[in-house]
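Each chain gets a letter, A, B and so on, in the order the sequences are listed, and its residues count up from 1.
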Amino acid sequence: MQKTVYNKGSYNFRNNVTIDWCPGCGDFAIVTAVTQALSKMDMDPTKVVAISGIGCSGKTPHYLNIAGAHTLHGRAIPYAVGVKLANPDLNVLVMGGDGDMLGIGAGHFVAEGRRNSGIVVLLYNNAVYGLTKGQAAPTMPLGEKVKSIPRPSILGKINPSALALASGYTFVARAFSSEIAQLSDIIIKALNHKGSSMIEVLQPCPTYNDVNTLDWYRKRVYKLENDKSWDPEVNSADEDEEKFSRAYETAMTWGDKIPIGILYKNNIIPPFTERLTSIVPDYFKYPPANQDICDKNGYTLVDPFKTFNEKVID
Amino acid sequence: MHEIDINLLVGGPQGGGIDSSANMINMAFSLAGYYIFGVREYHSNIKGRHSYIHLRIMRRRPGSLKYPVDIMVALDPDTLFEHMHDVSKNSKVIYDSAFEKFDLSQARMILPDTLARIKEELSKNNLPLNAAGVLEYYHSHGIKTISIPFDKVINENVPEGPSTRYYNTLGAGVTLALLGLDMDHAIAGIKYAFRKKPAVIEPNVKILNAAYDFVDKLGENIANLETYEAKPRMLLNGNDSVAIGKLMGGLRFQTYYPITPASDESNLLENHEEIEYLSEEAENLRKGGLVVVQTEDELAAVNMANGAALTGARSATATSGPGFSLMAEGISFAGMTEIPVVITFYQRGGPSTGLPTRNGQADLDFALNTGHGEFPKIVLSSGDMEECIYDAMKALNYAQKYQLPVIHLIDKTLANTMDLVPEIDVKKVKIEIPEYNNDENNYKRYSLNTSNGVSPYGVFGRDVFWMTGDEHDELGHVTEDPEIRDKMMEKRMKKLETAAMEIPLEDKAVLYGNKEADLTFVTWGSQKTLIMDLIDELKKENINANMLYLKMFEPFPSEFVESILGKSKTVIDVESNMTAQAAKAIRLNTGIKIDNYILKYNGRHMTIDEVLTATKNIIDGKSKMEVLKNGS
Ligand SMILES: Cc1ncc(C[n+]2csc(CCOP(=O)(O)OP(=O)(O)O)c2C)c(N)n1
Ligand code: SF4
Ligand SMILES: [Mg+2]
């Protein structure tokens with residue numbers, strides 16, 4: 001299979017598609033953080049893909065100069081897992097709103113923790129359904145009243161980072177869109193992590209959310225790595241319990257102080273891709289996307305009698 | 001000489017050994033050079049409820065099942081009551097003597113309405129509501145019952161027990177003995193059935209010997225079947241066949257969420273993720289394995305399969321009605337973004353959870369109309385094992401060639417039909433690899449520069465392009481430009497025209513039998529082989545019939561169907577649904593309205609006897625619509 005050719009190093013990861021988010025939207029900064037991360041890694045643009053759901057957040061792949069799939073509301077994770085498992089050589093970035101990931105797609109969000117396929121999920125937390133004009137998202141706290149809803153929300157909230165931890169993601173971080181350098185650094189670490197990562201990105205939506213604004217976040221966020229003793233990495237089973245509990249507690253911290261940074265990074269739980277090699281030994285060598293399925297004449301390579309030998313009566 | 005045609009029914013509690021009984025019988029007759037054909041009927045239940053296997057044994061390959069059966073083996077008392085109408089004069093009913101004490105007040109697992117009907121039938125005949133009553137019922141209808149003290153026979157031969165473990169072998173053994181199959185082949189059958197558990201062969205062979213002795217003393221042989229040289233064959237059901245076809249057709253990524261009657265396909269594939277290759281052909285090629293993923297739900301199943309397809313891997317999923325409902329949005333997405341994906345759709349009795357383990361062909365309309373908006377897709381259906389295999393290969397080809405979703409319909413009867421397949425031709429279907437783009441840096445995934453609607457293919461990992469379920473431009477970016485919209489709609493739908501032109505007629509519809517017949521059956525799915533058998537039966541009665549068999553519903557072979565039905569004399573549509581959905585598709589596509597119907601929607605497999613009776617009623621002008629009722 002012949003490949004598209006690109007000059008590494010000088011590659012521009014931002015294409016020339018016009019961005020149509022509202023002025024002041026936190027999503028712009030996420031695009032910047034992603035492109036910075038990819039440039040810094042000198043990523044081969046054919047080796048990374050962006051997969052999104054539906055929402056304002058879902059538009060992100062169109063703005064990146066890498067292969068992109070803007071899929072269905074709530075279904076970005078299944079698409080991403082399909083791509084990753086069929087071709088584990090690819091780096092897979094997933095972009096989804098909080099409605100997308102925790103409302104309509106919550107089942108996939110949770111299931112991916114169990115799978116740990118090795119994808120990087122960026123969850124855009126703006127506490128609203130942006131693209132459908134500001135309804136409460138599953139991240140909006142009970143009793144919060146933003147300008148787009150008629151009365152305080154009577155639904156409670158899900159904490160994305162805490163849910164990610166409980167679901168089994170092996171890399172969980174919280175970031176703030178305006179802290180571009182930190183976000184881009186977290187993205188690099190997540191891309192280098194073997195298992196699945198969930199990065200909750202606090203993202204102001206100036207159009208609909210007049211409570212959790214840029215200033216509101218600025219006053220509250222603090223970086224975990226500023227505490228020199230903060231070490232979220234688990235490299236042996238015996239340190240997991242303590243680090244997990246601390247990560248969970250930190251993830252649940254919300255209010256006057258909001259921690260941002262890497263909450264948890266477990267390096268010992270094998271990703272789904274590695275688990276597959278116990279069933280298909282040549283999985284990494286010849287993954288589904290990279291196999292010959294017929295001979296030069298177009299005939300199948302599969303021997304049905306030998307493969308399904310238990311069905312043969314002779 | 002009279003053609004050998006043995007019909008059997010083995011009934012017993014779900015999870016209670018009827019499968020291994022049937023398996024022993026199948027193996028023995030297969031090895032003795034016969035063909036077997038069978039269907040399994042069961043409740044949505046793991047242990048205890050009544051299930052049964054309906055089998056037919058012939059020298060030629062049967063394609064249908066028949067009531068009344070010649071031998072009925074009752075491994076539970078329920079069988080005696082549930083199948084009172086499935087035997088007739090000269091049939092033999094084998095049962096455990098212990099059942100003689102059974103009273104219907106103990107019948108926990110017979111459904112209340114069924115029980116009421118059984119009681120009514122016995123009462124009408126002035127018979128007591130117990131085993132003595134039902135046995136008397138059989139005797140008064142000229143049916144021979146054979147009482148076997150199961151525990152006694154087993155304990156005498158394999159005292160270490162537990163005796164219950166050998167009920168299946170004893171039932172199978174008595175059946176084989178009654179049919180006069182020679183002992184060597186019976187033993188070979190048992191050995192084959194237990195080839196993975198060699199330790200249990202010896203006691204089972206002892207039971208088999210005891211069964212033969214028992215029948216010897218009885219002097220009740222109903223046949224003395226000769227044995228023949230047997231070529232190696234594969235004993236397959238529809239699930240197996242589709243799995244084999246998919247793997248041969250290059251499938252390397254399959255997703256599923258468990259559901260009857262679809263998951264057996266995925267479970268078989270899960271057991272064969274490591275592939276055995278045809279040695280010569282595969283030398284020096286990149287040989288990997290298959291990845292099967294059990295997903296969190298069917299939303300994930302279809303969308304993950306779509307995702308995998310984006311990398312160029314041949315990708316598919318399998319489900320049945322409830323799961324297919326959840327897949328609609330993902331199928332529409334695959335249509336819009338031109339993803340090659342195959343959805344194997346095993347139909348069962350609906351609506352809703354319906355009859356989860358029973359047959360139905362009521363999802364044709366749904367498959368044809370699935371997904372919002374207008375997009376091209378191919379809908380095809382299979383009717384026997386060979387078709388399941390080769391159609392699964394073709395479905396993967398169509399998906400890739402035309403870059404669209406392909407829905408492959410199978411019905412539950414076919415999924416659970418056991419059939420001996422004499423041959424799989426590995427060169428029958430060529431794998432067609434789509435044409436990839438050669439653009440280095442300006443690849444347009446949705447190039448409008450195409451005459452057949454198919455844009456040059458590209459995949460993630462090789463090419464940079466975008467895709468979205470929104471209307472999009474040639475690069476795959478969102479657009480709402482009215483002119484591009486029209487062009488993209490037309491480009492996508494053009495692919496269906498291309499497919500209609502390129503796919504050969506024999507893959508869409510086939511006329512079996514004499515062109516000038518007086519009677520034309522129209523059918524699809526598992527009734528295919530039944531009607532073929534029926535055409536032969538009718539010939540014996542000087543009725544000249546043929547069959548218009550439908551395989552592809554989109555694109556639909558309108559001209560051909562019109563050319564056949566336009567000049568047919570009497571046309572009967574045969575389907576396993578209530579609203580005659582294939583006939584509806586014919587009318588929609590050709591304007592032709594079929595006048596006569598044989599329909600069945602009680603969820604049980606059609607049998608040739610009931611279709612024959614219904615056909616005669618129609619020919620005789622007694623009715624235009626026959627609803628079939630066989631099956632318990
Ligand atoms: C199945 C389905 N239901 C509803 C919608 C309508 N819809 C589009 S975007 C959206 C919500 C987006 O909110 P979120 O996921 O938080 O993304 P944001 O716009 O905030 O980035 C909804 C409900 C849809 N596209 N698909
Ligand atoms: S609605 Fe909110 S999230 Fe959407 S683009 Fe505007 S500011 Fe951003
Ligand atoms: Mg949102």
Side-chain angles (χ1 to χ4, degrees), chain A residues 1-6 17 45-47 49 51 59 61-62 65-72 75 78-83 85-87 89-90 107-108 111 276 279-283 285-295 298-308 311-314, chain B residues 27 30-31 192 232-236 240 244 247-248 250 252-253 272-278 281-282 285-289 291 293 296-297 299-300 303-308 310-314 329-330 333 424 426-427 430-431 440-441 443 460-469 477-478:
Chain A
M1 213 197 272
Q2 166 231 319
K3 287 247 165 67
T4 311
V5 199
Y6 294 93
V17 174
T46 62
K47 286 276 171 283
V49 303
I51 297 179
K59 297 180 179 184
H62 293 289
N65 208 9
I66 55 177
H70 175 195
T71 72
L72 292 168
R75 316 296 161 218
Y79 278 90
V81 173
V83 169
L85 298 184
N87 189 348
D89 291 343
L90 296 179
H108 310 310
L276 277 174
I279 306 166
V280 192
D282 277 346
Y283 170 70
K285 195 170 167 204
Y286 299 127
N290 193 14
Q291 294 189 29
D292 291 308
I293 53 172
C294 59
D295 65 16
Y299 297 126
T300 185
L301 301 177
V302 175
D303 185 330
F305 306 100
K306 275 201 253 158
T307 306
F308 297 91
K311 306 283 176 194
V312 179
I313 302 180
D314 67 352
Chain B
M27 296 298 168
S30 305
L31 295 170
Y192 216 87
R233 290 169 292 178
M234 283 178 105
L235 180 59
L236 301 178
D240 302 335
I244 292 171
L247 203 62
M248 285 170 68
R252 294 297 180 270
F253 194 89
H272 296 289
E273 292 184 52
E274 260 195 281
I275 300 166
E276 298 282 343
Y277 289 94
L278 291 162
E281 286 80 350
L285 293 175
R286 296 168 303 163
K287 289 165 286 179
V291 169
V293 184
E296 54 273 31
D297 53 34
L299 301 162
N303 292 308
M304 200 182 287
N306 283 346
L310 290 176
T311 68
R314 291 201 168 199
E329 194 189 16
F333 184 86
I424 296 177
V426 293
K427 297 213 153 100
K430 271 196 181 190
I431 292 175
E440 289 208 339
N441 287 333
Y443 171 47
F460 283 9
R462 177 188 190 270
D463 305 293
V464 171
F465 62 92
W466 294 267
M467 57 175 340
T468 168
H477 288 306
V478 177

Roughly how far, to the nearest 0.5 Å, is CZ of B/R462 from CG of A/N290? 12.5 Å

Identify which part of A/K285 has an atom lying under 4.5 Å from any heavy atom of chain B, answering side chain, backbone, both or neither. neither

Could you look at B/N306 and say if it's the side chain, the backbone, both or neither that has a heavy atom under 4.5 Å from chain A? both

Start with the C-alpha distance between B/F333 and A/Y79, add both sets of side-chain angles, then the distance that settles ring pair (Phe, Tyr, Trp, His ring centres under 6.0 Å), and finish with yes or no. CA-CA 11 Å; B/F333 184 86; A/Y79 278 90; 5.1 Å; yes

Out of B/M304, B/E273, B/K430, which one racks up the most heavy-atom pairs below 4.5 Å with chain A? B/M304

Ranked by heavy-atom pairs below 4.5 Å to chain A, first place among B/M27, B/E329, B/E276 goes to B/E276

A side-chain contact here means heavy atoms from C-beta on lying under 4.5 Å apart; do B/E274 and A/P281 qualify? yes

Option in A/A86, A/A67, A/P304, A/G68 with maximal non-hydrogen atom pairs under 4.5 Å from chain B: A/G68

Chain A contact via B/Y277 - which portion, at a heavy-atom distance below 4.5 Å: both

Indicate the atoms forming the closest heavy-atom contact of B/E296 with A/A111, along with that distance. CD-CB, 3.4 Å

Portion of A/I313 that has a non-hydrogen atom of chain B nearer than 4.5 angstrom: both

Most heavy-atom pairs under 4.5 angstrom with chain A, which of B/I275, B/V291, B/L299? B/L299

Where B/K427 and A/Y299 come nearest, the two heavy atoms and their spacing: CE-CD1, 3.3 Å

Under 4.5 Å between any side-chain heavy atoms of A/N87 and B/F460, yes or no? no

Check whether any side-chain heavy atom of A/F305 sits under 4.5 Å from a side-chain heavy atom of B/L278, and report yes or no. no

What is the distance from atom CG of B/L235 to atom CZ of A/F308, rounded to the nearest 0.5 Å? 14.5 Å

To the nearest 0.5 Å, how far apart are CD1 in A/I293 and CZ in B/R314? 4.0 Å

For A/V83, which atoms come within 4.5 Å of any heavy atom of chain B: side chain, backbone, both, or neither? both

To the nearest 0.5 Å, what is the distance between CD1 (A/I279) and NE2 (B/H272)? 13.5 Å

Test item: A/D314 and B/Y192 side chains (from C-beta on) under 4.5 Å apart, heavy atoms: yes

Point-to-point distance, once rounded to the nearest 0.5 Å, from CZ of B/F465 to CD1 of A/I66: 12.5 Å

Using non-hydrogen atoms and a 4.5 Å limit, figure out which bit of A/V49 sits close to chain B: side chain, backbone, both or neither. side chain

Pick one of side chain, backbone, both or neither for A/L85, based on which atoms fall under 4.5 Å of a heavy atom in chain B. both

Indicate the atoms forming the closest heavy-atom contact of B/F253 with A/P288, along with that distance. CD1-CG, 4.3 Å

Test side-chain contact (heavy atoms from CB on, under 4.5 Å) on A/T71 and B/N303; report intermediate values, then the result. CA-CA 9 Å; A/T71 72; B/N303 292 308; over 6 Å; no

Compare all side-chain heavy atoms of B/V478 with those of A/K59 and state whether any distance is below 4.5 angstrom. no

Does B/H477 offer a backbone N or O that forms a donor-acceptor pair with the side chain of A/H62 under 3.5 Å? no

Choice from A/V312, A/D282, A/T307 maximising heavy atom contacts with chain B below 4.5 Å: A/T307

At their closest point, which heavy atom of A/Y286 faces which heavy atom of B/K287, and how far apart are they? CD1-O, 3.2 Å

Under 4.5 Å from any heavy atom of chain A, what part of B/L236 do you find: side chain, backbone, both or neither? side chain

Comparing B/L247, B/L31, B/L310, B/V293 against chain A, the one with the most heavy-atom pairs below 4.5 Å turns out to be B/L247

Between B/D297 and chain A, with a heavy-atom cut-off of 4.5 Å, which part of the residue counts as in contact: side chain, backbone, both or neither? side chain

Identify the heavy atoms of B/L285 and A/C294 that sit nearest to each other, and give their distance. CD1-O, 4.0 Å

